[in-house]
K.L.:
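Once you've had a glance at the structure underneath, I'll fire off some questions.
Whatever order the structure lists ligands and atoms in, that order sets their numbers, starting from 1. Only a predicted model underlies this, so the values are computations on that prediction, with no experimental measurement involved.
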Amino acid sequence: SRDYLFKVLVIGNGHVGKTSLVHRYVNEKFNKNYKITVGVDFALKVLAWSDTETVRLQLWDIAGQERFTSMTRIYYKEASGCIIMFDVTDACSFRNVRSWKEDLDSKATLPGGNPLPCILLANKCDLSPWDVPLSSIEQFSKVNGFIGWMDTSVKDNKNISESINFLVERMMTV
Ligand code: GDP
């Protein structure tokens with residue numbers, strides 16, 4: 001049997017749904033006090049991946065991280081993968097995805113130097129109208145080195161475990 005431990009960063013503009021995502025996905029072993037201490041939400045989810053494989057996912061929400069700049073190094077240290085989230089009704093949050101990705105790639109790489117596997121989540125897809133065209137997201141995801149993108153709704157629980165499982169599959173094969 002094999003045991004995997006992956007540290008996954010959850011980044012993106014404020015108010016796009018990062019904290020909601022972590023709370024939705026992880027409903028055990030969540031320590032709220034940690035956030036107060038170091039300025040990141042850190043949560044653990046254990047997945048029985050197969051008969052012989054267990055996956056432990058550490059999800060690190062960047063919440064408030066910009067106010068704790070001394071924590072940046074710890075935040076990015078030994079990360080295995082990343083979720084970058086934006087809000088489909090907030091074009092500004094989409095425009096900022098590029099700088100979030102550049103920031104990520106400048107601060108964290110895999111041991112061999114390759115970029116971390118990173119998935120793009122177009123959140124709040126339950127809302128309308130969208131402020132970001134679907135074709136732009138598709139194109140942007142391809143050009144900027146994402147492993148893929150999915151429309152998600154943390155509110156409706158749409159594509160949450162699906163998107164995280166997709167990222168886990170990639171992290172298991174790098
Ligand atoms: P964060 O700042 O990125 O951590 O964003 P939050 O998780 O605090 O979410 C910001 C707001 O968006 C909250 O009021 C959430 O309830 C709301 N929200 C999060 N995800 C969704 C979603 O998928 N659909 C809708 N309609 N609202 C959402």
Side-chain angles (χ1 to χ4, degrees), residues 6-45 57-77 79-108 116-138 140-141 144 146-168:
F6 296 125
K7 174 177 176 178
V8 175
L9 311 176
V10 184
I11 62 183
N13 273 20
H15 214 66
V16 299
K18 302 181 300 296
T19 308
S20 305
L21 171 78
V22 174
H23 284 239
R24 159 76 79 184
Y25 186 66
V26 180
N27 38 40
E28 54 185 0
K29 295 181 184 171
F30 181 72
N31 185 351
K32 277 186 173 168
N33 294 328
Y34 199 87
K35 180 177 185 174
I36 296 159
T37 312
V38 300
V40 292
D41 262 337
F42 166 94
L44 181 69
K45 174 97 168 176
L57 279 185
Q58 283 185 355
L59 294 170
W60 291 60
D61 184 352
I62 200 155
Q65 193 262 341
E66 59 283 354
R67 288 182 285 114
F68 295 83
T69 46
S70 64
M71 298 310 298
T72 307
R73 200 174 53 79
I74 290 165
Y75 182 78
Y76 286 99
K77 197 175 179 242
S80 306
C82 181
I83 295 166
I84 300 185
M85 180 179 264
F86 69 96
D87 171 350
V88 294
T89 68
D90 173 7
C92 177
S93 72
F94 178 65
R95 282 195 299 275
N96 282 346
V97 169
R98 185 189 305 275
S99 52
W100 283 112
K101 180 73 163 65
E102 285 170 359
D103 191 54
L104 170 75
D105 290 341
S106 73
K107 289 180 174 137
L116 301 185
C118 185
I119 189 166
L120 180 61
L121 298 189
N123 192 41
K124 306 197 189 180
C125 71
D126 56 284
L127 297 177
S128 62
W130 287 24
D131 204 14
V132 184
L134 207 125
S135 56
S136 302
I137 306 170
E138 177 74 37
F140 182 86
S141 160
N144 290 279
F146 288 88
I147 62 168
W149 75 279
M150 281 193 195
D151 57 323
T152 60
S153 169
V154 178
K155 183 169 172 253
D156 295 347
N157 204 12
K158 185 190 175 187
N159 277 343
I160 302 305
S161 59
E162 289 84 350
S163 57
I164 294 176
N165 283 347
F166 183 69
L167 178 62
V168 169

K.L.:
Tell me every residue that passes salt bridge (charged side-chain N to carboxylate O under 4.0 Å, His left out) with D90, counting only those two or more places apart in sequence or in another chain.
P.N.:
none

K.L.:
So, Y25 and N157: side-chain donor and acceptor under 3.5 Å apart, yes or no?
P.N.:
no

K.L.:
Tell me, please, which residues at least two apart from K101 pass salt bridge (charged side-chain N to carboxylate O under 4.0 Å, His left out).
P.N.:
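Once residues adjacent in sequence are excluded, the partners of K101 under the salt bridge (charged side-chain N to carboxylate O under 4.0 Å, His left out) criterion are D105.
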
K.L.:
Does an N or O from T152, backbone or side chain, lie closer than 3.5 Å to an N or O of ligand 1?
P.N.:
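No, no N or O pair falls under 3.5 Å.
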
K.L.:
Can you check which of G12, S20, C125 brings a heavy atom nearest to atom 15 (C) of ligand 1?
P.N.:
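Comparing heavy atoms across G12, S20, C125, the nearest one to atom 15 (C) of ligand 1 lies in S20.
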
K.L.:
Under 4.0 Å from a heavy atom of D126: which atoms of ligand 1 are those, numbered in the order shown and with their elements?
P.N.:
22 (C), 23 (O), 24 (N), 25 (C), 26 (N)

K.L.:
Show which atoms of ligand 1 fall inside a sub-4.0 Å distance from at least one heavy-atom site of K155.
P.N.:
22 (C), 23 (O), 24 (N), 25 (C), 26 (N)

K.L.:
Within the 4.0 Å heavy-atom shell around G14, which atoms of ligand 1 are there?
P.N.:
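Counting atoms of ligand 1 from 1, those under 4.0 Å from G14 are 2 (O).
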
K.L.:
Are any of the heavy atoms in D87 under 4.0 Å away from ligand 1?
P.N.:
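Flag not set, D87 not near ligand 1.
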
K.L.:
If you measure every N/O of L21 against every N/O of ligand 1, is any gap under 3.5 Å?
P.N.:
no

K.L.:
Has ligand 1 got any nitrogen or oxygen that is less than 3.5 angstrom from a nitrogen or oxygen of G17?
P.N.:
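Min N/O separation from ligand 1 is below 3.5 Å for G17.
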
K.L.:
Provide the number and element of each atom of ligand 1 under 4.0 Å from a heavy atom of S153.
P.N.:
23 (O)

K.L.:
Mind telling me whether F94 and F86 have parallel, tilted or perpendicular rings, with 30° and 60° as the class edges?
P.N.:
tilted

K.L.:
Taking atom types as modelled, is there a side-chain donor on N13 or S93 under 3.5 Å from an acceptor on the other?
P.N.:
no

K.L.:
For N123 and V88, indicate whether the former's side chain and the latter's backbone hold a donor-acceptor pair under 3.5 Å.
P.N.:
no

K.L.:
Could you tell me which atoms of ligand 1, counted from 1 in the order shown, lie closer than 4.0 angstrom to a heavy atom of N13?
P.N.:
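In order of number, 3 (O).
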
K.L.:
Using a 4.0 Å cut-off to any heavy atom of L127, which atoms of ligand 1 qualify?
P.N.:
26 (N)

K.L.:
Any idea which part of T19 is under 4.0 Å from ligand 1, heavy-atom wise: side chain, backbone, both or neither?
P.N.:
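Under 4.0 Å from ligand 1, T19 contributes backbone and side-chain atoms.
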
K.L.:
Would one find an N or O of V154, backbone or side chain, under 3.5 Å from an N or O of ligand 1?
P.N.:
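Right, the criterion is met.
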
K.L.:
Side chain of R24, backbone of K155: donor and acceptor closer than 3.5 Å?
P.N.:
yes

K.L.:
When you measure from the side chain of S163 to the backbone N and O of N159, does any donor-acceptor pair fall under 3.5 Å?
P.N.:
yes

K.L.:
State the atoms of ligand 1, each with its element, that fall below the 4.0 Å cut-off from a heavy-atom position in K18.
P.N.:
1 (P), 2 (O), 3 (O), 4 (O), 5 (O), 7 (O)

K.L.:
Pairing donors with acceptors under 3.5 angstrom, does anything connect the side chains of D61 and T19?
P.N.:
yes

K.L.:
Residue-level breakdown please: for N123 versus ligand 1, do any non-hydrogen atoms fall below 4.0 Å on the side chain, on the backbone, on both, or on neither?
P.N.:
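Side chain only; the backbone of N123 stays clear of ligand 1.
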
K.L.:
Between H23, K124, H15, K158, flag the one that comes closest to atom 18 (N) of ligand 1 by a heavy atom.
P.N.:
K124

K.L.:
Hey, does the side chain of Y75 reach the backbone of W60 with a donor-acceptor pair shorter than 3.5 angstrom?
P.N.:
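Side chain of Y75 to backbone of W60: a pair is present.
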
